[in-house]
S.K.: 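Quick one: this structure, given as structure tokens, is what I'll be asking you about.
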Amino acid sequence: MNSDNPKLWGGRFFKKSHPLFQRFNNSLSIDYRLAKYDILGSIAWSKSLLECRVLTVKEQKSIEDALYVLLKKVSSKPDIMLNSQCEDIHSWVEYKLINMIGTLGKKLHTGRSRNDQVATSLKLWCKDSIYNLILYLQKIQYTFILQAEISFKYIMPGYTHLQRAQPITFSFWCLAYFEMFKRDEERLTNLLSRINISPLGSGALSGTFCAIDRDKLATYMGFGDSTYNSLDAVSDRDYVIELLSIASISMMHLSRFAEDLIFFNSNEANFIELSDYVTSGSSLMPQKKNPDALELIRGKTGRVYGSLISMLVLLKGLPLSYNKDMQEDKEILFGSIEIWENSLNIAELVLQTIRINSQHCLKIAKHGYSNATELTDYLVKKGMSFRESHHVVGKIVLEAIDKKSFLEDLSIEVFQKYTPLFQDDVYEKLSLLSCINSKTSKGGVSFHQVLSSIKNIKNKLHENIFS
Ligand code: ARG
């Protein structure tokens, strides 16, 4: 490579690459996003080269200064390199350095390979993305808590098999999603400990001849440790797969959230109304208000799953160590992380701006005999076995359906036809409030449990912020 030839290799070749192959081989249009990380890795590498006397103090300083100038340029214009002919971002950074400081720039690649370089840059990129994602996940969890506080008395039907099952509250529904996104956050935090290990200094596959202190080098880039086997270090993309697997799980959560809300917002359910901010109209039917934001989250989830499978398939047949197939990892990863980030932010906006039709939710919760379980519990408390009470209540529900009546509107004589265990106190058990507040078990829907969950979560949030 020299200042007018952007290629890192060429000595053993007679002919230039075919332009068709060049376009096929180049990855700059994708991996330019690694510019910042490649430059930071290069600065760190120059420090190690100084320590093992490949560079003098003066040389290292010139390289570092030039790299910082370049870093400033790419920070203000991240796609500055897009019309360059360089093969990839690593070639571009080196090419620019040589352009800036001449032959001295050619010393930077001593003892280093693009194989350990790309693994390092990609891990740094993943680390930064994880920090962002954790923030977005915390924001959405916080919004669920705010909504849970507002809606803790809003009773609505809870479903199994999409059949009305037992009454719940909107608040309780919010707390379910809070738990899911909390687990996603924990998964990311856990992954950070495995990503935080620097591959730099692994060379092409077998290590480097430079007598560098790899642990010290790792600290220059903010890593906590350095890898233990160079062959593995340049071949390893487990962290990409793990990140995409967490992305897939979290998108599945977002997609279920979307599906729930699309149903809640349907004309049939009418439990909520989505805001104009996140819906769109039909070009033909003037009455339509479509839940596009949520449908897109649900739709994009499939693409993220696809990227997880793509990565697994990409790697399954690869011999150790680096193979060019691995260059595909970035296009797969970058797109999916962008989808996940955008979906989290859109989901949060949807949640912040919904209007809950609480009166209608309450009305619908009364239908569908969702208080039938309460009747069985009543009989069990009066001494009947659960199996028998289940059968008896089934018969009563049949009679109520036949009479087009709610359970609570049947007369005491009707109840007593089935068993004399029924007394007048049965009616107070059948109210929705009583159904809700009887679920006092940990994690149950009773107002008391929900309020204490919200309180515990807020205390923990408070502790985390001030710890
Ligand atoms: N652009 C390549 C990638 O993203 C960098 C590593 C290239 N290494 C090599 N030996 N050709 O994977």
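Whatever order the structure lists them in is the order used to number ligands and atoms, beginning at 1.
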S.K.: Looking only at protein heavy atoms, identify the closest one to atom 11 (N) of ligand 1 and say how far it is in Å.
M.R.: Arg114 NH2, 3.6 Å

S.K.: Taking the minimum heavy-atom distance to atom 5 (C) of ligand 1, which of Leu205, Asp88, Leu34, Ile30 ranks first?
M.R.: Asp88

S.K.: Check step by step if side chain to side chain donor-acceptor pair (under 3.5 Å) holds for Arg112 and His109.
M.R.: CA-CA 5 Å; Arg112 185 175 74 160; His109 208 55; 3.2 Å; yes

S.K.: Is the shortest distance from a heavy atom of Gln117 to ligand 1 less than 4.0 Å?
M.R.: no

S.K.: Closer than 4.0 Å to some heavy atom of Lys330 - which atoms of ligand 1 meet that?
M.R.: 3 (C), 4 (O), 12 (O)

S.K.: Ser27 heavy atoms, cut-off 4.0 Å: which ligand 1 atoms fall inside?
M.R.: 1 (N)

S.K.: Is the backbone of Leu191 close enough, under 3.5 Å, to the side chain of Glu242 for a donor and an acceptor to pair up by distance?
M.R.: no

S.K.: Verify, without hydrogens or angle tests, whether Asp79 (side chain) and Leu82 (backbone) share a donor-acceptor contact under 3.5 angstrom.
M.R.: no

S.K.: Salt bridge check, Lys61 against Asp65: does any charged N sit closer than 4.0 Å to a carboxylate O?
M.R.: yes

S.K.: Among all protein heavy atoms in this structure, tell me which lies nearest to atom 10 (N) of ligand 1, with the distance rounded to 0.1 Å.
M.R.: Asn115 OD1, 3.1 Å

S.K.: Cut-off 3.5 Å, side chains only: do Asp116 and Ser113 have a donor facing an acceptor?
M.R.: no

S.K.: Of all the atoms in ligand 1, which lie at a distance below 4.0 Å from a heavy atom belonging to Gln327?
M.R.: 1 (N), 2 (C), 3 (C), 4 (O), 12 (O)

S.K.: Specify the protein heavy atom at minimum distance from atom 7 (C) of ligand 1: its residue, its atom name, and the distance to 0.1 Å.
M.R.: Tyr322 OH, 3.5 Å

S.K.: Under the criterion ring-ring contact (aromatic ring centres under 6.0 Å, His included), which of Phe172, Tyr177, Phe178, Phe170 is the partner of Phe144?
M.R.: Tyr177

